[in-house]
Amino acid sequence: MVDVVYFAWLRERIGTGREAVETEARDVAGLVEELKSRSEGHAYALEDLGTVRVALDQELAEFDAPLDGVREVAFFPPMTGG
Amino acid sequence: MVDVVYFAWLRERIGTGREAVETEARDVAGLVEELKSRSEGHAYALEDLGTVRVALDQELAEFDAPLDGVREVAFFPPMTGG
Amino acid sequence: MTPEAFEPGAVLTRFSAGLSGAGAVVSFSGVVRPDDGLTALEIEHYPAMTEAAIRKHADDAMARFKLLDVLVIHRHGRLYPGDTIMMVAAAAAHRRAAFDAADFLMDYLKSRAPFWKKEISATGEIWVVAKDEDEAALRRW
Amino acid sequence: MTPEAFEPGAVLTRFSAGLSGAGAVVSFSGVVRPDDGLTALEIEHYPAMTEAAIRKHADDAMARFKLLDVLVIHRHGRLYPGDTIMMVAAAAAHRRAAFDAADFLMDYLKSRAPFWKKEISATGEIWVVAKDEDEAALRRW
């Protein structure tokens, strides 16, 4: 069980900012494939991973990072602070 | 007749911050030679022109600049503002 | 991180008052511009991540530029043209370090801090797209 | 140019209040450091030249960096450790221009504005010698 959180247009396309997900995925890429089958909104939000960033337990990570022990996975667009 | 002004250690070595000088010099270098003969302090202050900057009527200038029409000549060390 | 408005001058006054031995203080503040008919800016952030991420980079800047003190404030929520979005301040013994630290922290905030801006105008709402140049700027350091 | 003390935060507040359309405001302030037993700093300047020279370079910066506003304050007379010597502030639409303008004006003030600093300590008084690196810095622009 992992908490998945979404921000900005990913949150809007998916329709929620947070969901608890039962997953067997070993890495982020595997989780993304599972999430895309959840709804059209998920598939739309995650269709182009070139515009998606990921953080594992609040640390920026890559899509091939393992999910062992991770409690919160965040997906969001490239950041635009400042 | 030209007003000559001095700042920082040039002023201290020469012993005055301003003097009116009767000069026949055509350029700054000529004026410097005349000034050096005025006193030991003048000669000491102007002995190494590598550490002296000049301004003509409040504009930075070079030692070969002509004095035609100039009313105020300033001599000072390299600036250390900021 | 704060949803509250702040005034950069007052922040700089407090920051400066706490310094001892600094020779150079640089501040940067970013302000909402009314470009292209913008009426408001909505800033979303990732609360669980933002504070720790900013603190880490502020600590990095402290060590890297030998700062005497550093400050980062970033608003979230709804802002309007003329509002100050964020501010950084850096104090160091010498000028170059203070300038570079403020510049570095801004590059970081632009492309690595978990904030997202949505521009709201009469014609609709649009998420600001990250600029490649912001990513490139970060690689300078 | 002023012999009077000033507080950079209060100056930044007034500077910011007068802006319209700015997206980025950078301020720099220089403070007297108590290095090497320094007890005071005496700043001499060339009154007839200073104001016009600084104004010219501020105008140059306005045009070169497309600034919305710029401010330069430089004290003269006797200052003590912790006193603010000078301050520059630059406002622009974008961040890079505001940073570069403040940096440029500082390089200018360091080596082209008619100020001279004398350091006063228990062991005597000594005129600060200009640094070659300040001259080199100005050639960046």
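Naming: A, B, ... by sequence-line order, numbering from 1 per chain.
Counting heavy-atom neighbours within 6.0 Å of D:Glu51 CD, excluding the residue itself, gives a total of 12 or less. Annotation: B:Phe63, atom CZ; neighbour count of heavy atoms from other residues, nucleotides and ligands within 6.0 Å is above 12. Environment of CZ in B:Arg71: sparse, with no more than 12 heavy atoms of neighbouring residues, nucleotides or ligands closer than 6.0 Å. Heavy atoms from other residues, nucleotides or ligands lying under 6.0 Å from CZ of B:Arg38 number more than 12. Other residues, nucleotides and ligands contribute at most 12 non-hydrogen atoms within 6.0 Å of the CD1 atom of D:Ile126. Within a 6.0 Å sphere centred on CZ of D:Arg55, heavy atoms belonging to other residues, nucleotides or ligands number 12 at most.
Proximity to chain B involves both the backbone and the side chain of D:Lys117, based on heavy atoms less than 4.5 angstrom apart. Heavy atoms of B:Arg11 lying under 4.5 Å from chain D belong exclusively to its side chain. For D:Ile85, the part lying near chain B is the side chain, with the backbone staying farther off; criterion is any non-hydrogen pair under 4.5 Å. Using a 4.5 Å cut-off between heavy atoms, D:His45 touches chain B through its backbone atoms (N, CA, C, O) alone. Of the two parts of D:Ala113, only the backbone, made up of N, CA, C and O, holds a non-hydrogen atom closer than 4.5 Å to a non-hydrogen atom of chain B. Interface remark: D:Val72 contributes no atoms to any contact with chain B (heavy atom separation under 4.5 Å).
The main-chain N or O of B:Gly81 is never found under 3.5 Å from a side-chain atom of D:His74 such that the two would form a donor-acceptor pair.
When the candidates D:Glu42, D:Lys118, D:Met86, D:Lys110 are compared by the number of heavy-atom contacts under 4.5 Å with chain B, D:Lys110 comes out ahead. Interface remark: of the candidates B:Pro77, B:Ala55, B:Ala8, B:Ala8 forms the most heavy-atom pairs closer than 4.5 Å to chain D.
Note on ring orientation: taking the six-membered ring where Trp is involved, the planes of D:Trp116 and B:Phe7 are parallel (angle under 30°, cut-offs 30° and 60°).
No option in B:Glu59, B:Glu72, B:Gln58 other than B:Gln58 meets the side chain to side chain contact (heavy atoms under 4.5 Å, CB included) test with D:Met49.
In this structure, the separation between CH2 on D:Trp127 and OG1 on B:Thr51 is 13.5 Å, given to the nearest 0.5 Å. Summarising the geometry, atom CE belonging to B:Met79 is positioned 11.5 Å from atom OH belonging to D:Tyr46; distances are rounded to the nearest 0.5 Å. In this structure, CD in D:Glu119 is found 9.0 Å from OG1 in B:Thr80, a value given to the nearest 0.5 Å. With rounding to the nearest 0.5 Å, the separation of CG in B:Leu60 from CZ in D:Arg112 is 6.5 Å.
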